[in-house]
Amino acid sequence: MNFDTKAIHTGRFKQDPKSAVSPPIYQTATYGWESLQEEPVPMYTRYGNPTRDLLEKTLADLERGSDCLCLSSGMAAVASVCSLLKAGDHVIAPMDAYGGTFAYLTRELEQFGVEATFLDHSDVESYRAAFRPNTRLVWLESPSNPTLKIIDLAACAEIAHRAGAYVGVDNTFASPYFQNPLDLGVDIVMHSATKYINGHSDVVMGALIWRNAEIGGRLRAYSKRAGNIPSPFDCWLVLRGLKTLGVRMRQHEKSAMRIAEFLASHPRVAAVHYPGLPTHPGHELAKRQMRGFSGMVAFEVEGARAEAESFTTKTRLFRIAASLGGVESLIGYPPVMSHAMLGEEERLARGVTPGLLRLSVGLEDTDDLIEDLNQALG
Ligand SMILES: *Cc1c(COP(=O)(O)O)cnc(C)c1O
């Protein structure tokens with residue numbers, strides 16, 4: 001079966017007595033026992049829930065994994081991966097990792113005696129040199145946030161495995177429609193399902209997908225103990241959103257490509273970062289490891305902060321908001337949003353210049369979106 005068919009049919013609920021076409025929401029905390037000898041499965045919703053099971057089965061199938069765990073947020077998923085670590089371990093992560101991931105790997109893990117090194121993974125020599133005997137986890141993100149850099153996932157995974165480290169990838173920006181990192185040799189795929197997977201900006205959720213049963217067993221056991229699970233209703237909403245992931249991603253990409261080309265040709269735009277443009281440094285690599293370039297476009301307006309701020313107040317369809325991947329177009333200004341906690345110098349080292357803006361291209365009519373950007377660029 002191909003992607004769009006799986007998205008609709010894998011999560012079919014086969015036990016419904018009324019053959020309802022839409023799956024039921026098992027809004028229950030617990031399940032009755034017939035007798036003390038017959039423990040029900042699931043036994044308690046923190047351990048399992050049929051609506052969550054349907055979503056996990058579908059996501060595992062779409063990410064080409066053997067199993068999936070859905071969690072209360074993308075950050076809960078990152079934190080769960082870190083439960084594989086112990087005091088004295090070392091982590092390697094990208095310098096332009098998602099802000100929340102950076103904060104967790106530094107401020108939280110530090111308290112447990114785990115150290116993290118942040119670097120540019122496209123510089124293979126410094127990446128290789130960063131490994132220590134105690135490096136247990138390599139975290140990757142591609143395309144990255146906000147400058148949409150592409151990391152060679154297969155090459156990074158191979159080096160990490162030779163050093164005996166687990167490899168996790170944040171696949172939020174690509175979605176399973178455009179990239180399946182498990183096929184490239186990584187161990188764990190992480191999603192903020194809040195973004196493209198749900199696609200309607202009405203749920204916060206995370207997901208982890210894997211093939212290795214030993215890793216999976218540890219992640220599941222941790223989630224049962226930590227209790228970082230999503231609600232049955234949210235699982236139902238995400239399952240509903242997931243059915244249209246393929247059609248949504250095709251349209252996000254189609255519009256993003258046209259918008260990137262429009263911006264690249266505009267005299268008031270100093271630079272455009274979109275992996276679908278042949279001028280993007282990661283374009284060839286993206287063509288090899290992805291099936292498309294997704295719907296995120298970053299660009300720099302001529303000038304600095306004042307020009308960028310003025311632009312964000314002039315757009316009518318692109319609303320200023322954190323998050324991405326929904327049907328509505330959003331605009332983000334990393335220096336005061338995702339990268340506000342960093343100093344100016346740290347931001348510049350990550351390519352976050354004062355003129356940088358990030359677009360999540362939604363599903364509105366492409367001509368209307370271009371018209372909106374055009375009038376805002378004035
Ligand atoms: C939003 C996001 C996260 C965090 O997910 P939440 O669902 O907000 O907890 C992690 N990584 C990336 C790339 C994101 O965009």
Side-chain angles (χ1 to χ4, degrees), residues 55 59 63 68-82 91 93-109 116 118 121 137 139-151 153 168-179 181 186 188-209 223 226 228-231 234-235 237-238 241-242 249 252 256 273 275 290 293-298 321-326 328-334 337-341 350-352 358-362:
L55 172 60
L59 266 176
E63 260 306 358
C68 164
L69 180 62
C70 285
L71 299 147
S72 53
S73 69
M75 283 318 302
V78 172
S80 298
V81 172
C82 293
V91 180
M95 206 155 76
D96 51 356
Y98 175 75
T101 306
F102 177 78
Y104 192 85
L105 293 180
T106 50
R107 275 151 229 175
E108 295 302 323
L109 287 191
F118 296 89
H121 290 248
L137 174 67
W139 191 253
L140 304 170
E141 206 177 302
S142 183
S144 72
N145 180 34
T147 53
L148 304 162
K149 287 205 191 94
I150 306 293
I151 289 178
L153 299 179
V169 176
D170 186 334
N171 201 28
T172 300
F173 273 35
S175 92
Y177 185 72
F178 286 127
Q179 179 167 267
V186 315
I188 306 164
V189 172
M190 172 258 158
H191 281 283
S192 168
T194 313
K195 316 295 166 57
Y196 286 115
I197 285 178
N198 180 52
H200 294 73
S201 309
D202 48 15
V203 173
V204 172
M205 195 185 289
L208 296 172
I209 303 100
S223 167
N228 50 6
I229 54 149
S231 76
D234 282 358
C235 290
L237 280 174
V238 175
L242 200 49
M249 294 316 293
H252 282 301
H273 309 281
M290 301 173 75
F293 309 105
S294 208
M296 299 299 295
V297 178
S323 199
L324 62 109
E328 55 287 291
S329 291
L330 299 179
I331 184 164
Y333 183 54
M337 294 168 83
S338 57
H339 291 65
M341 65 187 140
R350 288 158 177 77
V352 181
R358 189 192 81 175
L359 303 177
S360 173
V361 177

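In this text, all values refer to a predicted model and were calculated from it rather than measured experimentally. Counting convention: from 1, in listed order, for ligands and their atoms alike.
Thr194 is linked by a side-chain contact (heavy atoms from CB on, under 4.5 Å) to Ser192, Val204, Ser323, counting only residues two or more places apart in sequence or in another chain. In this view, Asp96 and Lys149 satisfy the salt bridge (charged side-chain N to carboxylate O under 4.0 Å, His left out) rule, not counting sequence neighbours. A search for side-chain contact (heavy atoms from CB on, under 4.5 Å) contacts involving Ala76 returns Leu71, Ser72, Ser73, Asn228, not counting sequence neighbours.
A donor-acceptor pair is defined here as one N or O able to donate and one able to accept, closer than 3.5 Å; such a pair exists between the side chain of Ser175 and the backbone of Tyr177. Counting only distance, with no hydrogens or angles, the side chain of Asn171 and the backbone of Gln179 share a donor-acceptor pair below 3.5 Å. Remark: the backbone N or O of Ile151 is paired with a side-chain donor or acceptor of Ser142 at under 3.5 angstrom.
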Report each N/O pair between ligand 1 and the protein that falls under 3.5 Å, naming both atoms.
{"from": "ligand 1", "atom 1": "5 (O)", "to": "Ser192", "atom 2": "OG", "distance (Å)": "3.0"}
{"from": "ligand 1", "atom 1": "7 (O)", "to": "Gly74", "atom 2": "N", "distance (Å)": "2.9"}
{"from": "ligand 1", "atom 1": "7 (O)", "to": "Ser192", "atom 2": "OG", "distance (Å)": "2.9"}
{"from": "ligand 1", "atom 1": "7 (O)", "to": "Thr194", "atom 2": "OG1", "distance (Å)": "2.7"}
{"from": "ligand 1", "atom 1": "9 (O)", "to": "Gly74", "atom 2": "N", "distance (Å)": "3.0"}
{"from": "ligand 1", "atom 1": "9 (O)", "to": "Met75", "atom 2": "N", "distance (Å)": "2.9"}
{"from": "ligand 1", "atom 1": "11 (N)", "to": "Asp170", "atom 2": "OD2", "distance (Å)": "2.6"}
{"from": "ligand 1", "atom 1": "15 (O)", "to": "Lys195", "atom 2": "NZ", "distance (Å)": "2.8"}

